[in-house]
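Notes follow the structure.
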Amino acid sequence: MTGEELVTGYYELWHDFQFCAKAIHGMCLYLNENWLATKRLTDEAEHDTIYMVCLKNWKQQVHAPLEAQLTWAVLETIAADRNGSFVSTQTVDAVRKTVDGLVDLDSKLTYLVGDPPGPEMPDERVRTLSEVYKSTIHTPFLADSLRHYTAKIIKERISPNQALDRYILQVYVLLTAEELRCTKYLHESTRDPLMQLLVDLLIFNPKATLFPTTARDKAQLGGDPKTFVTAIWEAFDRNQKILEGVRQHQRFFSTTLDKVFWTTLNTNAVPKQAGTVVISPAELIARYCDALLKKGTTPVTGGALEASLSRVGKILRYLEDREAFQKHHRLLLSKRLLFGLSWGPEYEYSLLQKIKVWCSAGYDAKLQAMLQDVVASREVSELFAADYAREHALGYDFSVQALRDGAWPLTKPSPLNIPIELERPLIAFREYYQTKYSRKITWNFPYSRCEISTNCFSSNYILQGSAYHAAILMCYETGDDFTVDAILTILGCEQGPLTAPLLRLLRLGILLAVNATGQSVPDQLIISNTTAIKLNLAFKSSKQRINLNAPLRR
């Protein structure tokens with residue numbers, strides 16, 4: 001028996017059986033509408049209508065033995081259509097009616113009391129995915145389609161490496177043909193899964209994907225934030241061009257292209273250097289924002305800056321680890337604001353408006369609090385300077401940033417005995433602030449900045465550092481040689497916060513480390529409490545201004 005004969009015979013037999021089942025169901029109207037209703041109220045056992053009993057018998061005695069042959073017959077007919085062979089109208093009609101019959105096997109038939117019985121009565125057809133249809137046709141058809149087009153990709157070399165427009169047109173024609181074929185032969189519930197399967201295969205499959213061979217590789221370009229974000233944005237922009245060209249199947253392409261872009265973005269942690277340390281996409285995007293809004297870089301203003309910030313907002317939609325982005329962005333923002341490196345609050349607010357939709361609840365409030373603190377601190381500092389200058393002459397510039405506790409990602413303050421030369425304005429500001437605002441002040445010296453003018457070397461230098469650098473150097477106002485223990489005692493602090501500033505001064509050669517025998521310490525990263533630290537009076541530098549806050553490098 002051929003496939004056409006099988007589906008035709010199956011449908012004719014099913015059509016006659018269904019007609020008779022509906023007729024019997026109508027003749028037994030009393031049982032279906034009254035007796036069954038009564039039994040369901042008084043009996044825990046389930047009772048089926050006459051029509052449902054007939055369907056169960058058909059499934060067990062007719063459909064089950066023929067299921068495999070029926071699947072083969074339908075798939076063979078569709079395969080012949082795909083390959084361009086002629087399929088008669090009678091065969092198409094027989095397959096479609098057979099498919100409708102399989103859907104009907106999971107439907108229910110209900111007659112209202114008083115309606116005449118008969119096969120023409122309205123029924124409650126289950127138009128969703130029928131279990132019988134799913135196991136017999138739907139699932140095998142999708143698996144067969146996947147095998148067919150996977151082989152087609154390899155055999156006919158359907159490749160995205162050709163021109164983008166040509167490739168998308170090729171995929172578009174293929175999807176349109178399959179959609180028409182699905183409408184002609186199969187139930188409507190199969191169309192969407194088939195379209196999504198084909199789009200996933202032709203766009204997202206690593207062997208034939210449009211993007212892993214292009215944008216994903218471009219993103220693997222090292223730890224430069226601008227290069228990374230530019231490559232990622234090219235992938236996003238390409239997605240939009242594809243969607244514009246496939247309007248009929250846009251929803252299927254949109255889902256898959258989002259998946260492609262998500263993978264491209266989130267699987268591209270890149271090496272920071274030649275070592276094993278890597279920078280996550282979240283950190284790269286945060287650094288890109290920092291580069292846009294930080295002084296010292298080429299300013300991006302006007303429409304170009306707004307466009308760049310908008311890109312960040314759109315990319316964040318697809319970023320998996322947004323918590324990491326928030327952590328890095330907030331830390332970098334705090335540094336820009338604390339050290340006066342931001343181009344301006346208006347630009348920071350502009351970025352905040354674009355990213356807050358994709359950030360956790362309350363994140364924008366934290367950033368707004370930071371920006372508000374900077375503006376308020378500037379006003380407070382100016383008022384204090386004006387009031388204090390009336391009665392005192394500092395001989396140097398002094399400003400303070402009063403920040404709310406908990407609003408900034410700052411490390412816990414550590415104690416430090418500030419030299420008397422620097423302590424006077426701190427005491428005066430504390431009294432001024434507590435009197436005017438009734439708030440307690442805690443100094444956070446690691447985030448301080450000061451300039452120290454030297455007169456002890458052959459040339460005069462200006463050292464730019466923190467309060468720790470100033471406190472260490474001012475110890476040498478009274479001597480040229482101190483042990484680490486002595487410095488810690490004078491400054492009244494722990495060794496932890498003092499280590500980095502001390503090592504920086506040693507690396508630059510401003511101070512010299514010697515052991516108990518008077519020999520220089522070869523590895524300045526290992527300093528014991530008994531190590532003697534000397535002021536290097538022979539220090540020389542080609543720069544007049546020396547930055548003591550630059551990070552240490554091994």
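- When all heavy atoms of A470 and L422 are compared, the closest pair comes out as CB-CD1, 4.0 Å.
- Inter-residue side-chain proximity for F236 and I315 is flagged as unmet; no heavy-atom pair is nearer than 4.5 Å.
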Applying side-chain contact (heavy atoms from CB on, under 4.5 Å), run through I452 and I462 and close with a yes or a no. CA-CA 6 Å; I452 309 153; I462 296 177; over 6 Å; no

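- Counting heavy atoms from C-beta on, the side chains of S466 and H469 come closer than 4.5 Å.
- Between the CG atom in L511 and the CG atom in L503 there is a gap of 10.5 Å [rounded to 0.5 Å].
- Taking a cutoff of 4.0 Å between a charged side-chain nitrogen and a carboxylate oxygen, R181 and E178 qualify as a salt bridge.
- Taking all atoms of both residues into account, the shortest heavy-atom contact from D290 to R336 is OD1-NH1, 2.7 Å.
- Every ring pair (Phe, Tyr, Trp, His ring centres under 6.0 Å) that Y476 has, sequence neighbours left out, goes to F482.
- Put simply, the side chain of N417 gets close to the backbone of I490: a donor and an acceptor are under 3.5 Å apart.
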Would L284 and D224 count as a side-chain contact (heavy atoms from CB on, under 4.5 Å) here? Give the steps. CA-CA 8 Å; L284 284 168; D224 178 53; over 6 Å; no

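- Counting heavy atoms from C-beta on, the side chains of L146 and L197 come closer than 4.5 Å.
- In this view, D321 satisfies the salt bridge (Lys or Arg N to Asp or Glu O under 4.0 Å) rule with no residue, not counting sequence neighbours.
- Although no hydrogens or angles enter the test, the distance criterion places a donor-acceptor pair under 3.5 Å between the side chain of Q401 and the main chain of L338.
- By the 30° and 60° cut-offs, the orientation of the rings of F398 relative to F384 is perpendicular.
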Worked check of side chain to side chain donor-acceptor pair (under 3.5 Å) between E348 and S342: CA-CA 8 Å; E348 302 291 352; S342 174; 2.8 Å; yes

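- No side-chain donor-acceptor contact under 3.5 Å links T227 and Y288.
- With hydrogens and angles left out, the side-chain atoms of W408 and D373 include a donor and acceptor closer than 3.5 Å.
- In this structure, CG in L505 is found 9.5 Å from CD1 in I533, a value given to the nearest 0.5 Å.
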Salt bridge (charged side-chain N to carboxylate O under 4.0 Å, His left out), that's the test. Do R147 and D144 meet it? Break it down for me. CA-CA 5 Å; R147 287 191 298 269; D144 184 67; 3.6 Å; yes

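- In this structure, the side chain of D364 does not engage the main chain of K356 through any donor-acceptor pair within 3.5 Å.
- Looking at Y347 and L352, their side chains never come closer than 4.5 Å, going by heavy atoms from C-beta outward.
- Counting only distance, with no hydrogens or angles, the side chain of D237 and the backbone of W233 share no donor-acceptor pair below 3.5 Å.
- Contact between C289 and V312 at its shortest, heavy atoms only, is SG-CG1, 3.6 Å.
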Can you check side-chain contact (heavy atoms from CB on, under 4.5 Å) on L548 and L508, steps first, answer last? CA-CA 9 Å; L548 303 181; L508 290 172; 3.4 Å; yes

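- The aromatic rings of Y437 and Y433 sit tilted, their planes meeting at an angle between 30° and 60°.
- Between atom CZ of residue F228 and atom CD1 of residue I232 there is a gap of 4.0 Å, rounded to the nearest 0.5 Å.
- Residues V357 and L316 fail the side-chain proximity criterion, which asks for heavy atoms closer than 4.5 Å.
- Considering every non-hydrogen atom in both Y447 and P409, the closest pair reads OH-O, 4.3 Å.
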Could you walk me through whether L186 and L194 pass side-chain contact (heavy atoms from CB on, under 4.5 Å), step by step? CA-CA 11 Å; L186 304 176; L194 175 64; 6.0 Å; no

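- Nearest heavy-atom pair across I510 and L535 is O-CD1, 3.7 Å.
- Judged purely by distance below 3.5 Å, without hydrogens or angles, the side chains of K354 and S350 pair a donor atom with an acceptor atom.
- The backbone N or O of G465 lies less than 3.5 Å from no partner atom in the side chain of R504, so there is not a single donor-acceptor pair.
- No more than 12 heavy atoms of other residues, nucleotides or ligands lie within 6.0 Å of CD in E494, so this atom counts as exposed by the packing criterion.
- Between the S334 side chain and the L331 main chain, a donor and an acceptor come within less than 3.5 Å of each other.
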Applying salt bridge (charged side-chain N to carboxylate O under 4.0 Å, His left out) to E323 and K327, what does each step give before you reach the verdict? CA-CA 6 Å; E323 291 293 333; K327 174 184 174 182; over 6 Å; no

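- Taking the side chain as every heavy atom from C-beta outward, L341 and K335 never approach each other to under 4.5 Å.
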Please walk me through it: do S145 and R82 pass side chain to side chain donor-acceptor pair (under 3.5 Å)? CA-CA 10 Å; S145 298; R82 274 180 179 156; 2.5 Å; yes

List, one per line, each side-chain donor-acceptor pair under 3.5 Å for residues 538-547, sequence neighbours excluded.
{"residue": "S541", "atom": "OG", "partner": "K543", "partner atom": "N", "Å": "3.2"}
{"residue": "R545", "atom": "NH1", "partner": "E451", "partner atom": "OE2", "Å": "3.0"}
{"residue": "N547", "atom": "OD1", "partner": "N549", "partner atom": "N", "Å": "2.9"}

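- Looking at R287 and E283, a side-chain N of the basic residue comes within less than 4.0 Å of a carboxylate O on the acidic one, giving a salt bridge.
- Summarising the geometry of P446 relative to N444, their closest heavy-atom pair is CD-OD1, 3.2 Å, with the distance given to 0.1 Å.
- Judged by distance alone, the side chain of R430 and the main-chain N or O of I441 form a donor-acceptor pair under 3.5 Å.
- T230 places a side-chain N or O within donor-acceptor distance of the main-chain N or O of K226, the cut-off being under 3.5 Å.
- In this structure, the side chains of K294 and W343 stay at 4.5 Å or more apart for every pair of heavy atoms.
- The OH atom of Y349 lies 4.5 Å from the CG atom of L371; values are rounded to the nearest 0.5 Å.
- Between the OG atom of S448 and the CH2 atom of W443 there is a distance of 10.5 Å, given to the nearest 0.5 Å.
- Panel note: side chain T183, backbone E179; a donor-acceptor pair is recorded below 3.5 Å.
- The number of heavy atoms from other shown groups lying within 6.0 Å of CG (D405) does not exceed 12.
- Inter-residue side-chain proximity for V484 and L488 is flagged as met; some heavy-atom pair is nearer than 4.5 Å.
- The aromatic rings of Y363 and H329 sit tilted, their planes meeting at an angle between 30° and 60°.
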